[in-house]
Every structure is written in C-alpha cells, then in structure tokens.
S.K.: 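Please see the structure below; I have some questions.
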Amino acid sequence: MRTIDSLGEIDGQRVLVRVDFNVPILDGKVGDDTRMRRAIPTLEALRERGAKLLLVSHLGRPKDREPELSLAPVAERAGQLLHAEVQLAPDLDDVPDGDVVMLENIRYEPGETKNDPELARRLASLADYYVNDAFGTSHREHASTAGIIPLVRRSAAGLLFQSEVDTIRLIMNHADRPFLAIMGGAKVSDKIAVMDRFLDVADVVLVGGAMATPFLKVLGHEIGEGLCEEAGLEPARRALEKDGYPGGKLRLPVDLVVADSFSGDAEVQILPGVDVPDGWMQLDIGSKTRTEYVAEIRKARTIFWNGPIGAFEHKPFAAGSLAVAQAMAQTEATTVVGGGDSAAALAEFGLAHSVTHLSTGGGAALKLIEGTTLPGLEALKA
Ligand code: AMP
C-alpha cells in the first residue's frame, strides 16, 4: 500500500482526497463529527507540504440531488476543523482554485456508484495526485474510490486508511495471545465469514446479542420470539461443528435477560438458563454470562469487538454491552472495535476514547478480516 510519503513533491499541487465525511446531519448542522476529525491529520500533513486540497465525499444515498444531502454543512464544519476557508464546489466542471475546496456530494453523480469511467476521468482531470482516506468505503468499487486511481499521476492511502488496514492486519496475523474476539449484533449472515476466520486465528470467541439466538436454537434450546435470522441457522450449525462446541473456542450465553417486547418499557425477566419461554425474547446476556465474558476480557492480550451484546439502545438491555465496554476500557490489552453499532454503544457509554483503535469502517473492516479483496485497497497497491 502506497503511503502519502511516496507522493513526492506536492508543494503548490492540487491533491484530490477521498474522505469519508458521511456524518449525521441534524437540523442542517453536522452532528457527531468523529469521522471528520479522524481524517484531519492526513489533511494537515498534506497542507503542511504545501498541497491544495480537493475534498471528495459522499453523504447518505441520494437518489435525485436531495438538498438535505448537500455537503454544505460538512464544508462549514471542515473549515472549523482545519482553521481554513473550505469552498463548496457544486459543479464538477467549474471547480474554483482555493486552498481547500470540497466537491458537492459525489453520489449526486449517478456514475459514482457505477464506477463510470467517464466520471472517473472527469475527477482525475481535477488533480494530478490522489489520496484515499475513506477506509469505510474501500470495499466499494466506485469512481472516486477505485476508477480514478489508474488515471492520476500518483496515488496513496491516507494516514487513517493506513492505520485502519495496519491495525486489522496486525491483529489477524501477529496478535499477542490470548486473542479474544467478541461477536454481537443482529446480522448473523453478514458476520458468519468473520466468525469463521476468528475460529481459525483467535483463542476464544464470545457470542452475544441476537447473534447468539441461531446458535442456541441449533443446540436445541427454545428461543421464544427472539430475533433469529433463518439464514443464520445453517452457518451457526457449521460454526458449532467446526469448533467442536462445547470443547472449542466458542462461548455462548448461559443466562439471559428476556422481555415481552423490543422496547424500553417492556416487561423484563432474568432467565437463569437459555430456554426462552413462548411470548418472550432474549435481549441481553444475563449476569453469569456477563461475569464469564468479563473474565475472558481480563485474560486477553488482544481483543476485537464487533456488534453490541444486547439491545443496548434500551436501558434494561444495556448491561451486557456496558460490561464488555467497561472491561475493554480497563484492560491493558490491545483493543480494536470495528462496526458501527459497537462504536455507537461505546460512544453512548462515554468510552469511545478508551480503546486502542476504533475503526471508522465497519463493513470494510469486516471484509478485510474475512479476507475479501477490497477494491479501494487493491487499487492503492498496484
Ligand atoms: P448489527 O448491525 O448486526 O451490529 O446489529 C446491531 C443491532 O443489534 C442493535 O441495534 C441492537 O439493538 C441489536 N441487538 C443486539 N442484541 C439483540 C438481541 N438480543 N435481540 C435483538 N436485537 C439485538
């Protein structure tokens, strides 16, 4: 992977930087600007070398240039973070020559997500140098993340992109042991390939959240009304078989918090086992499981966490995720959190700064762990 040092002399040159400024917009203002802040070191490093920046990002999934998906509030926030004027360029064919310019939402261009060669050519005509710091979109083969790269003079990964890739490669190849993986959340079928990799490379794999339900069902337990993705059953069966459960690396909940509905004011019961009665659903791990999982976290030297351990958005079901987050915050181990919802849980608990590495690219991080080729990364190797 080429780094920004390899760009050579860029004083006075325009560098097109693909950033992931896909941030929440609330009442016309940027909400959580974490993703923007994480790209600032790259932008500052390029500016210190005298480069003029052309920032390119997407925001949401526009269908028809919806004004609420304009990058105008993002450009304003970027100006504050960079202590510089950031001009927004609504028209790709009329880009001003300022020190820092931001193109309007690149997904307003229908060719972006199709990796249209004509759009890639128009983008490449705007700068001789290209830097990608948008790790979160590197699993997509789009005009601004892949198509443009062979068309510019020099290209490189930004500092954030590089640290995201290096961190995941480090833990997957050279983790200090014991290496613990914690898998939660809801989308089992999306994450099963990742779990498969962890069954190969990690020492212990903790399962929680709705992820646990298909595993418990395959083992013959009653799951009540719990969220259980049909497509997750067969992969769960295969994972249990591969692991040689219960003698292997997988750990499943031994007790649960169950409720009569998915809501903060549901009726709640603590279940001493894992057979969920009809009319109830598991929404968190129980206290025995919490204690066991925290003990594993304390033993580990490297920890990767993806996906909340319960429906943490509702207070009665947040204890499992909170216990995991707090134990991770307290350990000396290398702690890596990948995935939007575990990041959201950490932020909710005020612990976002307590982990070694918080990935900005959940989907891309999971693909990299799986071993799937990321087009945006491949293009920077060639
Ligand atoms: P994911 O995007 O796959 O990481 O899933 C995150 C979502 O899973 C969060 O919105 C959680 O509320 C939800 N979740 C976690 N545990 C459970 C559970 N036991 N039952 C239903 N939903 C859950």
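For reference, positions follow the sequence shown, starting with 1. Model, not experiment: these values are computed from the prediction. Counting starts at 1 for both ligands and their atoms, following the listed order.
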S.K.: List the protein residues in contact with ligand 1, where contact means a heavy-atom separation under 4.0 angstrom.
M.R.: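 Contacting ligand 1 under 4.0 Å are Gly185, Ala186, Lys187, Lys191, Gly209, Ala210, Leu227, Phe262, Gln282, Leu283, Gly307, Pro308, Gly310, Ala311, Glu313, Asp341.
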
S.K.: Running the 4.5 Å side-chain criterion over Ile, Leu, Val, Met, Phe, Trp and Tyr, what cluster does Ile182 land in, apart from itself?
M.R.: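 Besides Ile182, the hydrophobic cluster comprises Leu180, Val204, Leu206, Ile285, Tyr293, Ile297, Ile303, Trp305, Ile309, Phe312, Leu322, Val324, Met328, Val337, Leu346, Phe349, Leu351, Val355, Leu358, listed by chain and residue number.
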
S.K.: Answer yes if the ring centres of Phe304 and Phe198 are under 6.0 angstrom apart, and no otherwise.
M.R.: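 Between Phe198 and Phe304, which both carry aromatic rings, the centre distance is below 6.0 Å.
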
S.K.: When Ile, Leu, Val, Met, Phe, Trp and Tyr are grouped by side-chain heavy atoms lying under 4.5 Å apart, directly or through other members, which residues fall in the same group as Phe262?
M.R.: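 Noted: Phe262 shares its cluster with Val257, Val268, Ile270, Met281, Leu283, Phe317.
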
S.K.: Identify the heavy atoms of Leu160 and Asp133 that sit nearest to each other, and give their distance.
M.R.: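 So the two residues come closest at N-OD1, 3.0 Å.
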
S.K.: Given side-chain hydrogen bond (donor to acceptor under 3.5 Å, both in side chains), test Arg140 with Thr113 step by step and report yes or no.
M.R.: CA-CA 8 Å; Arg140 314 243 181 249; Thr113 53; over 6 Å; no

S.K.: My understanding is that only residues two or more places apart in sequence, or in another chain, count here; which of them pass salt bridge (charged side-chain N to carboxylate O under 4.0 Å, His left out) with Arg107?
M.R.: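 Checked Arg107 against salt bridge (charged side-chain N to carboxylate O under 4.0 Å, His left out); zero matches.
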
